[in-house]
Structure formats: structure tokens, C-alpha cells
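Notes to accompany the following structure.
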Amino acid sequence: MSDPSNPRDGDFELVTLRNGHRAVRHLGHGEVMHPAVGPWQEALGLYVDQPRLTDRLRQPGPPLVILDVGLGAATNAVAALTRARELGTERVRDLHVVSLEVDLAPLRLALADAEGFPFLQPFRAAAESLMRDGTWEEPGIQWTLKLGDAVPFLDGELPVADLVFFDPFSPASNPDMWTESVLARVRRHCREDGEGALLMTYSAATPTRVTLLLAGFFVGAGASTGTKGETTVASTRLESLVSPLGARWRERWERSSSRAPHGAELTPEVERRLRTHPQWR
């Protein structure tokens, strides 16, 4: 019998972490969304404040587009929407969040637990509109949902992204979303001009960084979050990275037992592409 304190919806349930935060867990593989410091702290520290979203929205320009890959319980998206709304009249740039998700159960569970996910409540009506109509907006802020397998949407037309929140389940639990093929599709939707686009993800694993490099990104170390010493930031422009990977990382990669990209073999061609990547020039 299921625990009444852990309500379920489809393949997901709500759980209480050791630190007291509520989170969503997948019943099949057991992976918890934002497990280390709780969902809100990770969303702000890793995805929203690290790329200086507030500063970007204070600067004039076309609508800032966030490609939110893995909506989940909408924590990352709502963190961005919250920062935009907090700015009030200081925000001079519009924000458009485009969320990709295959299953809305985590969001339904989180919305039903107002005490456990209080940060979602100011955007409850927005999230309900998103689930019902696929879109929500207020002056200067738009939120769009692409519901279903991400790959067809990544093969189609999407707004050019300034920021990418890459937050699917881990490569072990959701390997199809971490391949070079998928990340190259993401890369095609990223801004090239100006300061380019930034992609943030929680994984700092060597195969993740190898795959991002092969997909056409420049790659650097990202902010620490919870128990992770560092995460990963990728960009379409090397100069936009605060801590780009350098010779020391490449030397460690040469000695690593996990040198291959996600979902592929380490071939001589893969090694050649890594060694001749423009990151090292």
C-alpha cells in the first residue's frame, strides 16, 4: 500500500527529502528531481542566477528566450518567471519560456502540495493554463508548453534560445536525452550572435562534457549546488564562459576510464574530434 504522505500520479510520487524539502521521485528508476538542496535552491542557483537572468532582463533587447528541456515540476521555469516578475518596472526586456515535457504528472503533484512547493503557488493559475491550453502570458512574460517527445519539437521550429535549462533525468535513467544527436539538435536552436547562448545542466560527468563538445558547444565548469562540487555550463561562444575547460581537463580526459560520449563508443574519429575541438585553440 502506498504511503498517504507520498501521493502518486502515474509513474511519479511526492517524497520528503532528508533535509525536509519536498520533491518528486520517479517510481520506475527511483530518481528524485533536484535531490541535493531541494528544488527551489537548485533552480535559482544553477539555472537562473548563474546566467544572470535578472541583469539580462534589465537590458533592452528582443524577448529573452529560455528553452526549458525537462519541465518536470516546473521549478526551473517558475524560478525564471519569478525573477522576471520581481523586477517590476526594472524589467525592460520581455521573457519567453518554452518548456519541453513528456509527462505532466510531476507538475500536477507539486501543484497539489502547496505547503511542500510554496514557490509554485504565485504561478498556479499560469501552470494550470499551461497544462490546459499549452500557453500562458501576462504583460511582458510568456510561457509555452511543448508536450510530448522532445525530439520532434527539436527537429521543428522553435524561437532562438538565449538560455537553455537542460534538466532531464540523468543519463543512467534517461539515456536517449543525453546523446550527441539530441544535444546537437538543442545546439541548432541556440543564439549565435551577440554573447551567444548558455546551456546549464546539473551533470559534471566527463561523458556529459564530451557529448556537449561533440554537439558543437564550448564547455565550462558551472556553479556548485548542494553536494556537487561543480556543474556544467556550455555556450555557443567560448568567451561567454566564466570557467572554460582547459588543458588540465583535457589531460584528465586522456587518462579517464570514461572517455566516450553518452550512448556511443570511443572511436578514433571521436578522439580526433575532441582533440581538434576549437575549445583548445
Side-chain angles (χ1 to χ4, degrees), residues 33-34 36-72 74-88 90-100 119 123 140-144 154 158-168 183 186-204 208-209 211-213 215-226 228-245 279:
M33 297 178 178
H34 304 273
V37 294
W40 193 240
Q41 288 76 11
E42 183 168 300
L44 291 174
L46 172 54
Y47 294 100
V48 174
D49 293 341
Q50 179 172 221
R52 303 176 295 102
L53 177 64
T54 297
D55 291 341
R56 291 168 182 262
L57 293 175
R58 286 193 178 107
Q59 302 300 319
L64 187 148
V65 176
I66 296 174
L67 182 59
D68 175 37
V69 183
L71 172 69
T75 313
N76 300 333
V78 166
L81 297 172
T82 298
R83 286 288 189 253
R85 189 182 272 180
E86 286 172 345
L87 280 172
E90 291 184 52
R91 178 172 52 80
V92 298
R93 190 175 181 186
D94 289 354
L95 175 66
H96 185 189
V97 179
V98 181
S99 294
L100 276 58
F119 45 83
F123 287 92
I141 304 176
Q142 183 179 2
W143 192 9
T144 303
L154 292 172
L158 292 171
V160 177
D162 299 277
L163 302 175
V164 179
F165 298 169
F166 195 76
D167 195 21
L183 286 167
V186 172
R187 172 69 176 74
R188 287 198 293 271
H189 294 288
C190 289
R191 181 168 301 283
E192 298 280 359
D193 60 342
E195 58 184 333
L198 290 178
L199 176 151
M200 282 66 61
T201 188
Y202 59 86
S203 175
T208 296
R209 292 174 170 182
T211 309
L212 284 164
L213 287 163
F217 288 98
F218 297 97
V219 180
S224 171
T225 174
K228 290 181 177 291
E230 61 184 36
T231 54
T232 297
V233 177
S235 179
T236 56
R237 298 180 65 87
L238 181 61
E239 56 268 30
S240 294
L241 293 174
V242 174
S243 301
L245 303 182
Q279 174 117 359

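Nothing fancy with the numbering, it's 1 onward along the sequence.
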Output, in order, the C-alpha distance, side-chain angles, deciding distance and verdict of side chain to side chain contact (heavy atoms under 4.5 Å, CB included) for Leu81 and Val97.
-> CA-CA 8 Å; Leu81 297 172; Val97 179; 4.0 Å; yes
With Asp162, which of His96, Arg56, Arg191 fulfils side-chain hydrogen bond (donor to acceptor under 3.5 Å, both in side chains)?
-> Arg191
Which distance, rounded to the nearest 0.5 Å, do you find between the CZ of Arg93 and the CG of Leu87?
-> 12.5 Å
If you measure from the Lys or Arg side-chain nitrogens to the Asp or Glu carboxylate oxygens, is any gap between Arg209 and Glu230 under 4.0 Å?
-> yes
Roughly how far apart are Gln142 CD and Asp94 CG, rounded to 0.5 Å?
-> 9.0 Å
Ser99 and Trp143: CA distance, side-chain angles, deciding distance, side chain to side chain donor-acceptor pair (under 3.5 Å) verdict | CA-CA 8 Å; Ser99 294; Trp143 192 9; 3.0 Å; yes
Charged tip of Arg237 within 45° of Phe218 ring normal and under 6.0 Å = no
Inspect the contact between Asp55 and Arg83 and indicate whether a charged nitrogen and a carboxylate oxygen are less than 4.0 angstrom apart.
-> no
Could you walk me through whether Val160 and Val65 pass side chain to side chain contact (heavy atoms under 4.5 Å, CB included), step by step?
-> CA-CA 7 Å; Val160 177; Val65 176; over 6 Å; no
Is there a side-chain contact between Asp167 and Val69 (heavy atoms, below 4.5 Å)?
-> no
Is a side-chain N or O of Gln279 found less than 3.5 angstrom from the main chain of Leu245, in a donor-acceptor match?
-> yes
Working for side chain to side chain contact (heavy atoms under 4.5 Å, CB included), residues Leu100 and Leu71 | CA-CA 6 Å; Leu100 276 58; Leu71 172 69; over 6 Å; no
Spacing of Thr82 atom OG1 and Leu44 atom CG [to the nearest 0.5 Å] | 7.5 Å
Nearest heavy-atom neighbours spanning Thr231 and Ala223 = OG1-O, 2.7 Å
Atom of Val164, atom of Cys190 and distance for their closest heavy-atom approach = CG2-SG, 3.8 Å
Could you tell me the separation between the CG atom of Leu64 and the CZ atom of Arg91, rounded to the nearest 0.5 Å?
-> 11.0 Å
Gap between atom CG of Leu163 and atom CG of Asn76 - 0.5 Å precision | 12.0 Å
Can you spot which of Leu212, Leu199, Leu238 makes a side-chain contact (heavy atoms from CB on, under 4.5 Å) with Val219?
-> Leu212
Test log, rule side chain to side chain contact (heavy atoms under 4.5 Å, CB included), inputs Val233 and Gln50 | CA-CA 9 Å; Val233 177; Gln50 179 172 221; 3.5 Å; yes
Minimal heavy-atom distance between Ala84 and Ile141, with the atoms involved, is CB-CD1, 3.9 Å
Which atom names give the shortest non-hydrogen contact between Ala77 and Asp68, and what distance separates them?
-> CB-OD2, 3.6 Å
Shortest non-hydrogen separation from Tyr47 to Phe165 and the atoms involved = O-CE2, 3.0 Å
Atom CZ in Arg187, atom CG in Leu183: separation rounded to 0.5 Å?
-> 11.5 Å
What is the minimum heavy-atom distance between Ser203 and Thr208, and which atoms define it?
-> OG-OG1, 2.7 Å
